[in-house]
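So you know, we letter chains A, B, ... as the sequences are listed, proteins then strands, and number each from 1.
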Amino acid sequence: MANLPILQFEEKILETMEQNPVVVIIGETGSGKSTQLSQIFHRKGFTNSGIVAVTQPRRVAAVSVSRRVAQELGVRLGEEVGYAIRFEDRTSEKTRIKYLTDGVLLRESLSNPELNQYSVIILDEAHERSLNTDILLGMMKRLIKLRASNLKVLITSATLDGEKVSKFFSNCPVLTVPGKLFPVEIIYSKERPKSYLESSLKTAIDIHIREPEGDVLIFMTGQDDIEKLVSKLEDKIQSLEEGSCMDAIVLPLHGSLPPEMQESVLLHPLSVRVFSPPPPNCRRFIVATNIAETSLTVDGVVYVIDSGYVKQRQYNPSTGMYSLDVVQISKVQANQRAGRAGRTCPGKCYRLYPSFVYNEEFLDVTVPEIQRSSLAGSVLYLKSLDLPDIDILKFDFLDPPSSESLEDALKQLYLIDAINENGSITSVGKRMAELPLEPLLSRTLLEANEYGCLSQALTVAAMLSAETSLLPGRSKGTDKKRKHAPVDLPDGAGLGDHIQLLQIFEYWDQTNYNPQWCKDNDLQVRGMMFVKDVRKQLSQIMQKIAKGSLDVDGDHRWKESRVDYKNLRKALCVGYASQLAERMIRHNGYRTLGFKPQLVQVHPSSVLRADDEGLLPHYVVYHELIATSRPFMRNVCAVEMRWVMPILTRLEKLNVNKLSSGSVPSEERTEGKSVDVPNEDVKVAGVPDDRESRIQAARDRFLARKAKK
DNA sequence: GAGCACTGC
């Protein structure tokens, strides 16, 4: 600890802090910024007037760094040094240094907008540009004006981004603290590879034959490529002449591996011996996604092979559709990957692309999450802060999202009553913001409370929050098994996936949360326990914010509602009003109604059932649109026509221009736009002209069908 | 009839 580079900069940092409310620190890997900055401020008495907060984008980081700091200060974790993450608050009245996830700090500012308990706020790993950090950056800019006399803000960033952050904070000073990395030699390819799978295979084998010992970390884009490369690499290594090289093992590392397997990769070869006979000098090849870029650190890596690509999820605000695309990494990512080779000794990084690609094609920094996600939740959050000087469309973002994306968020919020036609937050919206959920689910919970099916809705919301971690990753071994397993699971009564999720939890509940039941049905125990936690947290918040009596514990008197789940589905229909789709006339394709109309299909994994004529329900709401091989609706729920009508009416009245004028006092607003011609109003920027006529057509068909009956 | 990188309240 004594020779951490950052400690030599202590005086300089303190001096700069004294004269400036905000300082940007560029601290390279190994500089000690995450553990030392907070201690420096503690030593210098900043903790006498308030707490020093350090945010982290990940839970594990908040926990492990705070543990380290407590140890270094020789105090018990939870006393002078503590942490706060979702479901776990290990702080006390004694706490002076507090590590917390950026999401927790955002929640805290909901009840205490000026964050008065803190004297110093450090936004660590800001260069990762998580959605929450970006919102915090904007809020800090405002906060330092309000609390000019008693708040200091520190932002840690990457070399390529520091100037930009500084400019954002009126050219605040930038301090660079060197890291403690060993030099890494960068080796570029002469040309672009035809296939980066083949190219990484060749490079890996070259390293194995020519280079001295040291593990090899290979960055690939996804599970498929990883599995292919692992098996090719294993074949190639086996075919090498016996005794000509040292032994080698090949290990995959990605997010859908069970956590135990991820951990076993991180341990040093000594521990691998538990599973296999101890090879004297054995090289490990770790084939990983970008999980190894920041989230996990693999020890012993000397060589890195960088494909130059990453799989990224992006949101298209005009269609409401997500897609997973393989895209080029940024320079910051490329450097981060290379750095993984220099943690224990000098290393080498093989970039499978020419240097001009790095220099001319790669973006300096990764496109921030805020420009790749649906912003309904963030916009609702900002609206709920009710800050007089904040206009969402002009909110000071470091990288502003497109106006199309903001308008999409406003439109969604309007359709679920979270904001009114003038863009102001409603009382429903205020209560929604208290819930740590996507707005559509928050809205569903509030509506369900009105219909007496809150308990069911809580379960659905909790199940959806954990959904990806419920099913184990697909691997050849479990695939066949899983074909039989779901037979034992409920089928959602044919009404859709939300209902099935509800039934699954209810079954588990009836077994008294038996872990064996999860295993028998191929559900991850950890995931189901998480659902239980989330459900509990949500019901506690609902008890605080909902009016009237609540039924959060499950009410078994509602037997009749279990046949068709009408109340729950009705609540879902109101909550998911902006994600509604109508089936085509004579086949089972659907057309989305809230966005620029898209032809989509129900995902094949859905349990939604067709009627006797083989047709699916006329209307469904969907949890997510995802474009993979084709555009699919994932997690759908059958809804009834008469529930849909009010939504169509609301869609018709939609006027995005009015929604976006949120900061103008309402009198002025109605003055200027008093002409009430809804047909004209629909034709605004970002909304296609044909939408109105399509909705009209949808209504006509609906009325015609109704007349027939 | 498909398959998904990574986080977080």
Undergrad: With heavy atoms under 4.0 Å as the rule, sort A:Val104 into base, sugar-phosphate or nothing.
TA: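 The answer is sugar-phosphate, as A:Val104 gets under 4.0 Å only of primed atoms, P, OP1 or OP2.
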Undergrad: Does any pair with a residue in residues 626-637 of chain A pass salt bridge (charged side-chain N to carboxylate O under 4.0 Å, His left out), and if so which ones, sequence neighbours excluded?
TA: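 As it turns out, the salt bridge (charged side-chain N to carboxylate O under 4.0 Å, His left out) pairs with a partner in residues 626-637 of chain A, which skip direct neighbours, are A:Glu467-A:Arg634, A:Glu624-A:Arg634.
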Undergrad: How many whole angstroms separate atom CG of A:Leu616 from atom P of B:dG1?
TA: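 A:Leu616 atom CG is separated from B:dG1 atom P by 12 Å.
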Undergrad: Among B:dA2, B:dC4, B:dT7, which is the nearest nucleotide to the side chain of A:Arg58?
TA: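 Of all the options, the side chain of A:Arg58 is nearest to B:dT7.
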Undergrad: Looking only at non-hydrogen atoms, find the nearest pair between A:Ala61 and A:Gln56 and report the distance.
TA: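 Closest heavy-atom pair between A:Ala61 and A:Gln56: CB-OE1, 3.7 Å.
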Undergrad: May I ask you to say whether A:Glu125 pairs ionically with A:Arg58, meaning some side-chain N is under 4.0 Å from a carboxylate O?
TA: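 Between A:Arg58 and A:Glu125 there is no salt bridge, as every charged N stays at least 4.0 Å from the carboxylate O atoms.
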Undergrad: If you check the A:Arg59 side chain, which of B:dA2, B:dC4, B:dG8 turns out closest?
TA: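 Among the listed nucleotides, the one closest to the side chain of A:Arg59 is B:dG8.
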Undergrad: For A:Ile626, which contact category applies under a 4.0 Å heavy-atom criterion: base, sugar-phosphate, or nothing?
TA: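 No contact at all - A:Ile626 keeps every heavy atom at 4.0 Å or more from the nucleic acid.
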Undergrad: Taking ring-ring contact (aromatic ring centres under 6.0 Å, His included) as the criterion, tell me which of A:Tyr353, A:Phe362, A:Tyr196 meets it with A:Tyr309.
TA: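 The ring-ring contact (aromatic ring centres under 6.0 Å, His included) with A:Tyr309 is passed solely by A:Tyr196 among A:Tyr353, A:Phe362, A:Tyr196.
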Undergrad: Whole angstrom is fine here: how far is it from CD in A:Gln312 over to C1' in B:dA5?
TA: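 Answer to the nearest Å: 9 Å.
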Undergrad: Apply salt bridge (Lys or Arg N to Asp or Glu O under 4.0 Å) to A:Glu114 and list each qualifying residue two or more places apart in sequence or on a separate chain.
TA: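 None.
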Undergrad: With a cut-off of less than 4.0 Å, is there a side-chain N or O of A:Gln223 near OP1 or OP2 of B:dA5?
TA: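 Result: yes.
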Undergrad: Distance under 6.0 Å and angle within 45° of the ring axis: does A:Arg90 meet both against A:Tyr83?
TA: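 Geometry flag: not set, cation outside 6.0 Å or 45°.
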Undergrad: What's A:Asn132 touching, base or sugar-phosphate or nothing? Going by heavy atoms closer than 4.0 Å.
TA: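 Contact class for A:Asn132: none.
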Undergrad: Rounded to whole Å, please give me the gap between CG in A:Leu106 and C1' in B:dC9.
TA: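 After rounding, the gap between these two atoms is 8 Å.
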Undergrad: Among B:dG8, B:dA5, B:dC4, which nucleotide sits nearest the side chain of A:Thr101?
TA: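 That would be B:dG8.
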Undergrad: When we call it a touch if two heavy atoms are under 4.0 Å apart, what does A:Arg107 touch: a base, just sugar-phosphate, or nothing?
TA: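 Contact class for A:Arg107: base.
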Undergrad: A:Leu324 side chain: which of B:dC4, B:dG1, B:dC9 is closest?
TA: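 The closest nucleotide is B:dC4.
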Undergrad: In whole angstrom, give the distance that lies between atom CD of A:Glu293 and atom P of B:dA5.
TA: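 These atoms are roughly 15 Å apart.
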Undergrad: Round to the nearest Å and state the distance from A:Gln333 atom CD to B:dT7 atom P.
TA: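 Distance check: A:Gln333 CD to B:dT7 P gives 14 Å.
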Undergrad: Looking only at side-chain atoms of A:Pro436, point me to the closest of B:dC4, B:dC9, B:dA2.
TA: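 Among the listed nucleotides, the one closest to the side chain of A:Pro436 is B:dC9.
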Undergrad: Taking the nucleotide of DNA chain B with the nearest heavy atom to each, does A:Gly222 or A:Arg630 sit closer to the 5' end?
TA: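 With A:Gly222 and A:Arg630 compared, the 5'-side residue is A:Arg630.
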Undergrad: From CG of A:Leu380 over to P of B:dC9, roughly how many Å is that when rounded to an integer?
TA: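 The answer, rounded to whole Å, is 18 Å.
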Undergrad: Please figure out whether A:Arg634 or A:Ser605 has its closest DNA chain B nucleotide nearer the 5' end.
TA: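 The answer here is A:Ser605.
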Undergrad: May I have the distance from A:Leu136 (atom CG) to B:dC9 (atom P), rounded to whole angstrom?
TA: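 After rounding, the gap between these two atoms is 13 Å.
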Undergrad: Measuring from the side chain of A:Glu624 (C-beta onward, heavy atoms only), which nucleotide among B:dC4, B:dC6, B:dA2 has the closest atom?
TA: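 Nucleotide nearest to A:Glu624's side chain: B:dC4.
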Undergrad: Between B:dC6 and A:Thr289, is there an OP1 or OP2 to side-chain N/O distance shorter than 4.0 Å?
TA: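 True: A:Thr289 side-chain N/O within range (under 4.0 Å) of B:dC6 OP1/OP2.
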Undergrad: Would you mind classifying the nucleic acid contact of A:Ser295 as base, sugar-phosphate or nothing, using non-hydrogen atoms under 4.0 angstrom?
TA: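 Answer is sugar-phosphate: A:Ser295 comes under 4.0 Å of backbone atoms only.
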Undergrad: Rounded off to whole Å, could you give me the CG-to-P distance for the A:Leu464 and B:dC9 pair?
TA: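 A:Leu464 atom CG is separated from B:dC9 atom P by 18 Å.
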